[in-house]
Each structure stands twice: as C-alpha cells, then as structure tokens.
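So the structure is just underneath, and the comments pick up after that.
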Amino acid sequence: QVQLVESGGGLVQAGGSLGLSCAASGLTFSTYTMGWFRQAPGKEREFVSVISGGGSFTSLADSVKGRFTIYRDNAKNTVYLQMNSLKPEDTAVYYCAAIIRMSRARDPDSYDYWGRGTQVTVSS
C-alpha cells in the first residue's frame, strides 16, 4: 500500500521560511517523479514544483521561482520543499504526489498517488 505523508507545515509570518517533507512508502521511490501542489480555500489545486526520480530535473511554478526549492533523498524515500520569503498568497494546503511518468507533471489529474496534505499559513 502506497503512503505519502507530508509534514512541516505551520504558521509563519510573511518573509519567513518553512521546510516541508513528504515521506513515501510502498513504492519504488527512485522510479517516481514527485510533485508538490497546493490548494487554497475556494481555489483549484495548483502545481508548485516537480522533481524527477533521480533528482536531475526540477521545475517550479512561476509564482514560486526564486523562493522555493525542491529536492529529494532517495535513500530516505523523502522529497522536500524548502520555502523561503513566504507571502500571504502562499497560504494553502500543500500536497505531495507521485507519478510514474514525467510527462504532464504539472497536471494534478496525471498523478497516481497523493498525500493528505499539510497546512501552510502565512500571516501578513
């Protein structure tokens, strides 16, 4: 049974930093592309970042470029999202997800597995 468990969310002031983690089990982690998505109240789930199985390819949404970094540790079956210079508009539930193929990695409907999410709240 595949499980993705996010952690690290919380409340932070604007300009602050948070680091999210997503621990995976039940799958061959290094063969999966991992994505981060977020969903704010009343809004659709949106792409944040993606990293290939080996970690050599990463991509970020324009809204977070220069502020967020995605990386992974395949020995620990964990993917991370380091978020710096946080803004109130970054407030959302953040989800990690796994997809076996890299194509359509920005489309949440393409993903095979999802975590339950972790809340990030940025106060102004």
Side-chain angles (χ1 to χ4, degrees):
Q1 180 180 359
V2 175
Q3 284 192 318
L4 303 177
V5 180
E6 300 95 337
S7 61
L11 174 64
V12 65
Q13 288 188 333
S17 298
L18 279 176
L20 304 184
S21 300
C22 171
S25 61
L27 75 171
T28 306
F29 185 68
S30 62
T31 66
Y32 278 81
T33 290
M34 299 299 295
W36 284 97
F37 291 79
R38 66 187 182 186
Q39 188 166 19
K43 295 188 176 181
E44 292 186 352
R45 193 167 296 189
E46 67 170 352
F47 168 80
V48 175
S49 188
V50 65
I51 185 168
S52 60
S56 60
F57 175 83
T58 62
S59 181
L60 293 164
D62 288 344
S63 59
V64 305
K65 278 181 181 176
R67 301 188 297 122
F68 290 13
T69 302
I70 188 171
Y71 59 103
R72 66 191 293 162
D73 185 340
N74 285 347
K76 296 182 178 180
N77 284 6
T78 302
V79 61
Y80 305 90
L81 186 69
Q82 179 63 39
M83 306 184 295
N84 299 327
S85 302
L86 282 161
K87 304 175 181 180
E89 51 264 43
D90 294 319
T91 295
V93 177
Y94 282 70
Y95 299 89
C96 72
I99 184 173
I100 192 67
R101 298 177 180 176
M102 189 67 186
S103 60
R104 301 178 62 189
R106 293 185 175 226
D107 180 1
D109 291 336
S110 298
Y111 280 73
D112 302 307
Y113 304 105
W114 288 87
R116 293 189 175 184
T118 185
Q119 176 70 47
V120 171
T121 303
V122 184
S123 63
S124 57

Might you work through the side-chain contact (heavy atoms from CB on, under 4.5 Å) test for Leu20 and Glu6, ending with a clear yes or no? CA-CA 7 Å; Leu20 304 184; Glu6 300 95 337; over 6 Å; no
Indicate, with yes or no, if [Y] and [X] share a hydrophobic cluster defined by side-chain heavy-atom contacts under 4.5 Å among Ile, Leu, Val, Met, Phe, Trp and Tyr.
X      : Y     : value
Val79  : Val50 : no
Val120 : Phe47 : no
Tyr113 : Leu81 : yes
Val2   : Met34 : yes

Sequence neighbours excluded and cut-off under 3.5 Å, please list the side-chain donor-acceptor pairs for residues 25-33, or say none.
{"residue": "Thr31", "atom": "OG1", "partner": "Thr28", "partner atom": "O", "Å": "2.7"}

Pick from Tyr94, Tyr71, Phe68, Trp36: which one makes a ring-ring contact (aromatic ring centres under 6.0 Å, His included) with Tyr80? Tyr71
Hey, what do you get for [atom1] ([X]) to [atom2] ([Y]), rounding to the nearest 0.5 Å?
X      : Y      : atom1 : atom2 : value
Ile70  : Cys96  : CD1   : SG    : 9.5 Å
Gln13  : Ser124 : CD    : OG    : 9.5 Å
Asp107 : Phe37  : CG    : CZ    : 7.5 Å
Lys87  : Ser63  : NZ    : OG    : 8.0 Å
Gln82  : Ser21  : CD    : OG    : 9.5 Å
Leu18  : Met83  : CG    : CE    : 4.5 Å

Least distance between heavy atoms, [X] atom then [Y] atom:
X      : Y      : result
Ile99  : Ser110 : CD1-O, 3.4 Å
Cys22  : Leu4   : SG-CB, 4.0 Å
Pro88  : Ala14  : CD-CB, 4.1 Å
Gly53  : Asn74  : O-ND2, 2.9 Å
Tyr111 : Ala97  : CD2-CB, 3.3 Å

Using the side-chain contact (heavy atoms from CB on, under 4.5 Å) definition, which of the options Asp90, Leu86, Thr121 pairs with Val12? Leu86
Verdict with supporting geometry, Thr91 and Gln119, side-chain contact (heavy atoms from CB on, under 4.5 Å): CA-CA 8 Å; Thr91 295; Gln119 176 70 47; 4.0 Å; yes
Pair Arg38-Val64, side-chain contact (heavy atoms from CB on, under 4.5 Å): steps then yes or no: CA-CA 12 Å; Arg38 66 187 182 186; Val64 305; 3.9 Å; yes
Is it true that a side-chain atom of Arg67 and a backbone atom of Ser85 form a donor plus acceptor pair closer than 3.5 Å? yes
Are the side chain of Arg106 and the backbone of Ala61 linked by a donor-acceptor contact shorter than 3.5 Å? no
